[in-house]
Structure formats: structure tokens, C-alpha cells
2 protein chains.
Amino acid sequence: MNLKDLAATLGLSQTTVSRALNGYPEVSEATRKRVHEAAREHGYRPDSRARSLATGRAMAVGLVLTTSARQEIVNPVFADFVASAAETLAARGYDIVMSLVTEAEQTAVYRSLLRKGRVDGLIMQAPLTGDARIGILHKIGLPFVVHGRVSDHDEAYSWMDMDNRHAFHTATDHLLDLGHRDIALINGIEDMDFAHRRREGFIDALAARNLRPRSDLMASAAMTESYGHDTAQRLLAQPQPPTAFLASSMLVGMGVHRAIREAGLQMGQDVSVVVHDDGLSYLPNGTPEQPLFTATHSPVRQAGHLCAEMLLRLIADPSEGPIHTKLQASFLAGPSTGPAPIQ
Amino acid sequence: MNLKDLAATLGLSQTTVSRALNGYPEVSEATRKRVHEAAREHGYRPDSRARSLATGRAMAVGLVLTTSARQEIVNPVFADFVASAAETLAARGYDIVMSLVTEAEQTAVYRSLLRKGRVDGLIMQAPLTGDARIGILHKIGLPFVVHGRVSDHDEAYSWMDMDNRHAFHTATDHLLDLGHRDIALINGIEDMDFAHRRREGFIDALAARNLRPRSDLMASAAMTESYGHDTAQRLLAQPQPPTAFLASSMLVGMGVHRAIREAGLQMGQDVSVVVHDDGLSYLPNGTPEQPLFTATHSPVRQAGHLCAEMLLRLIADPSEGPIHTKLQASFLAGPSTGPAPIQ
DNA sequence: AATCATGCCCAAAGCGCTTTGGACAAGAGT
DNA sequence: ACTCTTGTCCAAAGCGCTTTGGGCATGATT
């Protein structure tokens with residue numbers, strides 16, 4: 001049952017039926033009611049393609065899902081991010097079209113996005129330092145928002161980012177204030193822009209107190225629990241082990257925690273740990289009253305909402321210049337940090 | 001630049017240009033080449049809506065993301081599932097359109113999916129026992145595949161499921177063989193069909209040895225780390241604590257592990273733990289050589305691939321009756337289980 | 001009584017593609 | 001010489017919707 005049939009059934013023109021359904025004023029209340037009833041009765045549902053073709057709006061946004069091909073790891077943050085973005089978008093009638101992009105096909109990238117008309121705008125996730133995708137997105141000519149930023153990239157683009165640098169600066173300061181000097185940074189892959197910035201924040205905080213980072217205490221890899229565990233285990237077995245850890249995610253922190261316990265040490269006493277908490281729904285940092293870790297906290301769901309909202313703004317008015325949102329992580333002191341043990 | 005313009009530029013008809021680009025044989029090689037070159041040069045990209053409208057195929061499948069509104073928890077399995085499904089689908093030129101569905105709007109549900117023509121088929125995730133959505137999907141009339149099954153539902157539908165019952169039967173048997181009698185089941189929310197089945201497998205295995213489950217040793221909630229921790233902590237403090245735990249996910253298992261250590265006990269010695277491992281990319285069960293937990297293992301990425309393939313088959317030939325795929329979890333003995341301690 | 005706005009409705013022209021049903025010329029077969 | 005294929009191309013009819021540019025009553029205004 002299409003519009004034509006429905007109009008014929010009602011003895012009305014397509015114009016009137018279309019207007020009645022879309023809430024235009026040029027139709028009497030009686031007719032509108034009649035149309036709505038008939039539509040319901042016959043189970044009429046407009047064809048989104050035809051509508052989209054006629055209006056020019058796709059009522060969908062694209063979300064590019066990147067898998068770090070190297071590690072075959074899907075970003076654990078993805079689920080919450082997309083769920084929150086979808087929530088905001090759905091409320092405005094927008095769908096999400098997902099495209100998977102593996103690093104390998106960077107050139108043939110965004111192939112499906114190149115099929116015009118499928119989406120009105122794009123959200124790009126997990127940018128790398130100097131990510132070439134920004135250029136591609138510019139060429140496509142659709143409004144887009146980057147979740148994160150791209151260092152060393154001067155083209156103007158809209159982004160929404162957490163202040164990773166500041167967050168890790170704060171976390172490091174916290175540990176320094178407690179007297180720690182040998183602090184390990186268990187970071188994500190530093191090609192990822194956010195990891196790069198976190199490292200900078202860490203180093204800056206040390207430098208501000210005339211300390212130099214020990215390169216043997218800085219690790220970088222995909223942020224899994226075992227990575228946290230294995231790295232912490234290795235570092236703790238070193239001649240001059242760290243007295244504190246800075247973990248780039250909850251999962252990594254849990255791995256570090258496990259290694260600490262296995263070494264017969266107690267977290268918060270013998271060894272301190274600060275984690276960054278993305279506020280994943282399935283991986284809460286204990287409870288607000290009883291956190292598991294001292295943490296910098298920045299909910300990814302908030303990020304998802306904001307990205308979606310920014311994109312909708314850009315879609316509504318593409319002339320609106322690049323817009324930026326910087327989120328500050330909150331700092332939460334928990335039981336996983338304490339004064340540095342006296343040598 | 002649209003097809004018309006391109007054709008005009010080339011001095012050809014739209015028909016010929018369209019055929020040249022889509023690889024139809026009725027066009028000379030010379031012309032085809034010329035058309036391709038012009039298309040590249042002018043950056044021509046066909047409008048997916050127009051094409052879809054003309055062909056009747058959307059070249060996209062819908063994926064329904066459910067958030068358990070009650071707990072506001074996004075399924076951690078989602079990211080890997082969708083990534084693997086997207087991989088398979090992308091290889092065949094299909095996109096994924098995501099819709100968020102909260103339990104609240106079950107009636108107004110699938111609203112965006114009701115907009116016809118957006119997708120050629122659907123994948124439904126995380127079905128509840130007696131899930132009403134199956135009926136809705138049937139009404140929509142598009143081919144669909146359910147990831148999981150729906151107990152107490154007699155309508156025919158295509159599904160792909162892991163044999164949860166068998167997996168948990170096996171896991172329970174393993175613990176029983178080791179002499180454990182007081183086994184705790186730390187399950188997911190039992191409205192979820194998979195959790196329901198796991199519980200059945202657990203109870204069946206006990207019943208097969210004339211044992212009755214202790215209801216005080218069965219828990220059910222959203223599968224977070226803290227849930228695992230808090231529950232295990234509580235149970236271990238009981239007068240007659242369990243000697244073994246069956247955890248419904250890696251994350252839960254990690255929480256249980258933490259509680260065990262905190263209680264001054266050793267996992268694999270004092271208390272045994274078996275987990276179910278979905279093979280999440282960011283949450284591996286140690287390494288294959290050195291697993292962290294004894295586990296039943298069924299990679300969700302495989303499930304994603306299979307669901308996508310099944311759906312593509314159904315789309316290609318909708319007359320093909322409901323198809324079913326049942327995956328068997330593998331069992332991996334690890335260091336987290338050992339003989340029951342002598343009383 | 002003539003004019004004007006207003007409310008309600010319609011026919012038809014797109015949106016950009018695919019596909020059907022030929023047209024036309026060149027060479028092959030009789 | 002004629003018909004038949006074959007290869008190459010085209011005009012035009014959709015696909016199902018929105019939107020433009022009226023038309024025709026009806027009631028209000030001068």
C-alpha cells in the first residue's frame with residue numbers, strides 16, 4: 001500500500017494525503033482524521049527512500065566504526081557511545097548508519113559513505129594522530145563531528161573531546177602530591193590521539209616538578225585487562241619498581257590490580273593506582289560512594305549525546321562554522337591511592 | 001553531478017552511462033572506459049536513495065540495539081557482535097542501520113523500521129523470554145534473524161544461538177566431577193533468554209546427580225564486575241559458603257575473582273570458578289596457552305558473522321524457510337578450577 | 001453587488017536512478 | 001539481393017514521495 005493507493009482509497013489526491021500525514025495546515029481537521037485512520041487501518045508506511053529523495057534529507061547519520069586491524073580489537077567504549085548517540089538521534093527521528101572501516105582499506109575507505117544520500121552527516125570516532133580521514137571527510141562535503149581531536153592537523157573541523165591532557169596531568173599531580181616519584185603509565189596505543197595526549201599530560205606534570213619520566217615505566221598497547229596485568233607484573237618485578245600506576249582504562253586498571261595482588265602487595269597501601277574511567281555502563285567504578293579506584297572520570301555517554309547534538313546542529317545549519325566542545329574529566333579520590341611508601 | 005549531467009557531458013544517454021557503470025554487457029569496452037574515466041574525473045557518486053528506489057533493494061540491514069532500560073546497561077557483547085556482522089555485510093555491499101529501542105517504547109517500537117525501504121532485513125539481539133518483538137517483526141514482513149532464541153514462542157523464525165543450556169551443563173558437570181557440591185550460579189538477568197537457558201542447564205546437571213540447587217546460591221542481575229564481586233563477597237561470608245562459582249561472563253568472573261582474593265582465598269585452590277567467555281576482543285581470557293579462567297567459550301564474533309550470513313541468505317531467497325544455527329561452546333580447563341576442598 | 005481573502009483541495013513536476021522495449025547500423029548467412 | 005543476427009545505443013516509463021502553483025467554493029469586506 002503506497003501513497004497513491006491510499007489516496008485512491010480515500011478518494012483524495014496524493015497531495016492532500018501527504019499533507020494530512022505530515023501535519024501541514026492546508027487540510028481540514030475532518031479530512032486529516034479520516035486520512036490518519038485509513039493509514040493506520042491499511043498499515044500504510046511511507047517509503048523512506050522516496051521521501052528522502054523528494055525532501056533531500058536522509059534522516060540518518062553515519063557512524064564510522066574502526067577496528068584497529070593490527071589488534072583486531074573493537075573499542076569497548078563503542079557500545080555506550082553509540083547507544084547514547086542513538087538515543088539523542090532517535091529522539092529527532094534520525095537513524096544511524098554504520099560503516100566498518102579497517103585500516104587496511106584506508107584508501108578505498110568510506111566507500112559506502114560515498115554513495116550519496118545515505119546520510120546527512122557523520123560522526124568519526126577514535127582518531128589517530130595526524131589522521132588522514134579528516135581530509136577525506138572534508139572532500140565528501142557532509143557535515144561531520146570528530147569524537148576526539150587530531151593533533152598536527154590544521155584543517156578546521158568540528159570536534160568534541162575530553163581534555164585528556166588535563167585529566168592525566170591532574171592524575172599525575174595527585175600521585176606526585178602523595179609523594180610518588182616512580183610512576184608507571186600504562187597507556188593505550190599511542191597512535192590514538194587520546195593516548196598521545198594523555199602521555200603529554202603525564203610528562204608535563206612530571207616536568208612541572210623537574211622530574212623526567214622513566215621510559216621503562218611507560219607502556220603502550222591495546223587496552224585489555226591482560227595487558228594491564230602483564231605489564232604491571234613485569235614492572236613490579238623490576239629492580240626499581242614503580243610505586244604507582246596510571247592506567248588508561250578501567251579494564252587496564254583491573255589488570256594492574258590483579259598483578260598487584262598476585263605480587264602479594266596491597267593496592268592503595270603498597271602500590272597506588274589511578275585509572276581513567278569512561279563510565280561504561282557494564283564496567284562501573286564500584287559505586288559513587290564506594291569507588292574501586294581513584295579515577296579521572298568522563299562518561300562516554302555524555303560524549304555520545306554531545307556529538308549527536310553537535311552534528312544535528314551542523315546538519316540544520318551547515319554554514320555554522322566548526323564547533324568545538326571540550327569536556328573536563330572529574331577527579332574522584334578512591335581507596336586505590338595512598339602515600340608513597342617510605343623507602 | 002548526477003547521472004543526467006554526466007550523460008550530457010559524455011554525449012550519451014543515461015541508460016548507457018548507467019549500464020556502463022553497473023557492468024552490463026550491452027555497452028562497448030571503449031565507451032565503458034570513457035564513462036568510468038569521466039565518472040572518476042567529475043567525482044560522480046550515484047545517489048543511493050534513487051538507486052534503491054529504482055531497484056527495490058536497500059542494500060542495508062537493520063540492527064536493533066536494546067538497552068535494558070531498567071539497568072541502563074548496554075550489552076558489552078554488542079561492540080564485537082556488530083563489528084563482525086558489519087564486516088561480513090560490508091563485504092557484500094550492505095550497510096547496517098541501527099535503531100535504538102528502549103523497553104519503554106515497546107509499542108511504538110521499531111518506529112523507524114516501519115519506515116519502509118530503509119532496510120532489506122533485520123537482526124534482532126538479546127531476546128527476552130517470550131519476547132513480543134518476534135511478532136512485530138513478523139508483521140513487518142521483512143526477513144529477520146534472531147541472535148538467540150525465544151523460549152515459549154511457537155511462531156517460526158530464523159535464529160542463531162549458542163547452546164547455552166549445554167554449555168552450562170558441561171561447566172556444572174566439570175565442577176561436580178571435581179567434587180563440588182555447593183556451586184553458586186552468578187547469572188545474568190533471567191528475563192534474558194540466554195540466562196534462562198543457562199540456569200536450566202545448571203539445574204539439569206545437578207538434577208542428573210540427584211542434587212537440588214540451593215536457591216541462596218543463585219543470583220541474577222546485569223552482568224557487571226561489581227555485581228560479580230559483591231555477590232561473591234556476600235556468598236563467601238555465608239555460614240555454608242559455595243566452593244565453586246559459575247559466572248555468566250568474563251566480567252562477572254573477574255568480580256568473583258576479586259572477592260575471592262579479598263577473602264584471603266585462592267582461586268583454583270580454595271574456591272573454583274568457571275566463566276562463560278564470549279571471546280570479546282578487549283576482554284580475552286588470558287591467552288590460549290595460559291587462560292585466566294576455566295571457561296566455556298563461544299566467540300561472539302563468530303555469531304555475528306553467522307547471523308549476517310544467514311540474513312543475507314534469507315534476503316536473497318525469502319522463500320527459504322526459517323533457518324537455525326546452533327553453536328556449541330568449547331570447554332577450556334584453566335587454572336581457576338580444582339578439586340573441592342575436603343571439609 | 002463587486003472584490004478579496006481564506007480554507008481546502010488537486011494536477012503535475014520533479015528527486016536521480018534502473019529497466020523495458022525498441023532503433024539503427026554493420027556484418028553474417030542464404 | 002534479402003533477411004537475420006549481433007552489438008551498441010536511446011527514449012521513456014516507472015520507483016513513491018514532496019512541493020509548486022494554481023482552482024474553486026465560501027464567507028468577509030468594501
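Chain naming here is simple, since letters A, B, ... match the order of the sequence lines and numbering starts at 1 in each.
- Put simply, B/Ser18 has no side-chain N or O that comes within less than 4.0 Å of OP1 or OP2 on C/dT19.
- The shortest side-chain heavy-atom distance between B/Phe78 and B/Leu63 falls under the 4.5 Å cut-off.
- Taking the ring-ring contact (aromatic ring centres under 6.0 Å, His included) definition, one finds that B/His138 meets it with B/Phe144, sequence neighbours left out.
- Rounded to whole Å, the distance from CZ on A/Arg32 to C1' on C/dG7 is 13 Å.
- Of all nucleotides listed (C/dT18, D/dC9, D/dC17), D/dC17 comes nearest to the side chain of A/Gln14.
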Could you list all N or O pairs between the protein and nucleotides 21-23 of chain C that sit under 3.5 Å apart?
none

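- Considering only the side chain of A/Leu12, C/dC9 comes nearest among C/dC9, D/dT18, C/dG16.
- Scanning all heavy atoms of the two residues, the minimum distance from A/Pro76 to A/Leu280 falls at O-CD1, 3.9 Å.
- Rounding to the nearest 0.5 Å gives a distance of 11.5 Å between CD1 of B/Ile123 and CG of B/Leu137.
- Put simply, B/Tyr24 has a side-chain N or O that comes within less than 4.0 Å of OP1 or OP2 on C/dT19.
- Between the CE atom of B/Met59 and the P atom of C/dC17 there is a distance of 17 Å, rounded to whole Å.
- Here the CE atom belonging to B/Met160 is positioned 13.0 Å from the CG atom belonging to B/Leu311, to the nearest 0.5 angstrom.
- Closest to the B/Ala54 side chain, of the nucleotides D/dT19, C/dT18, C/dC9, is C/dT18.
- Considering every non-hydrogen atom in both A/Arg133 and A/Gln125, the closest pair reads NH2-O, 3.3 Å.
- For the pair A/Arg118 CZ and C/dC15 P, the computed distance is 21 Å after rounding to whole Å.
- When all heavy atoms are compared, the tightest approach of A/Gly117 to A/Ser52 is O-OG, 4.3 Å.
- Per the geometry, CG belonging to B/Asp47 stands 6 Å off P belonging to C/dC17, to the nearest Å.
- Considering only side-chain N and O atoms, B/Ser13 lies nowhere under 4.0 angstrom from the phosphate OP1 or OP2 of D/dC9.
- In this entry the distance linking CZ of B/Arg57 with P of D/dC15 reads 16 Å, nearest Å.
- Considering only side-chain N and O atoms, A/Asn22 lies under 4.0 angstrom from the phosphate OP1 or OP2 of D/dT18.
- In this structure, A/Glu29 places its CD atom 13 Å from C1' of C/dG7, rounding to the nearest Å.
- If you measure from atom CG of A/Leu3 to atom C1' of D/dT19, you get 13 Å, rounded to the nearest angstrom.
- Contact annotation for A/Thr31: backbone-only contact, meaning every heavy-atom pair under 4.0 Å involves sugar-phosphate atoms and none involves a base.
- For the OP1/OP2 pair of C/dG16 and a distance below 4.0 Å, the side-chain nitrogens and oxygens of B/Tyr44 include no atom meeting the criterion.
- Considering only side-chain atoms of B/Arg51, the nucleotide from C/dC9, C/dC17, D/dC17 that sits closest is C/dC17.
- At its two ends the helix from C/dA1-D/dT30 to C/dT30-D/dA1 runs along axes set 60° apart, each axis drawn from five pairs and the angle rounded to 10°.
- The nearest whole Å value for the distance from the CG atom in B/Leu53 to the C1' atom in D/dG14 is 9 Å.
- Taking only side-chain atoms of A/Thr55, from C-beta outward, the nucleotide of D/dT19, C/dC9, C/dG16 with the closest atom is D/dT19.
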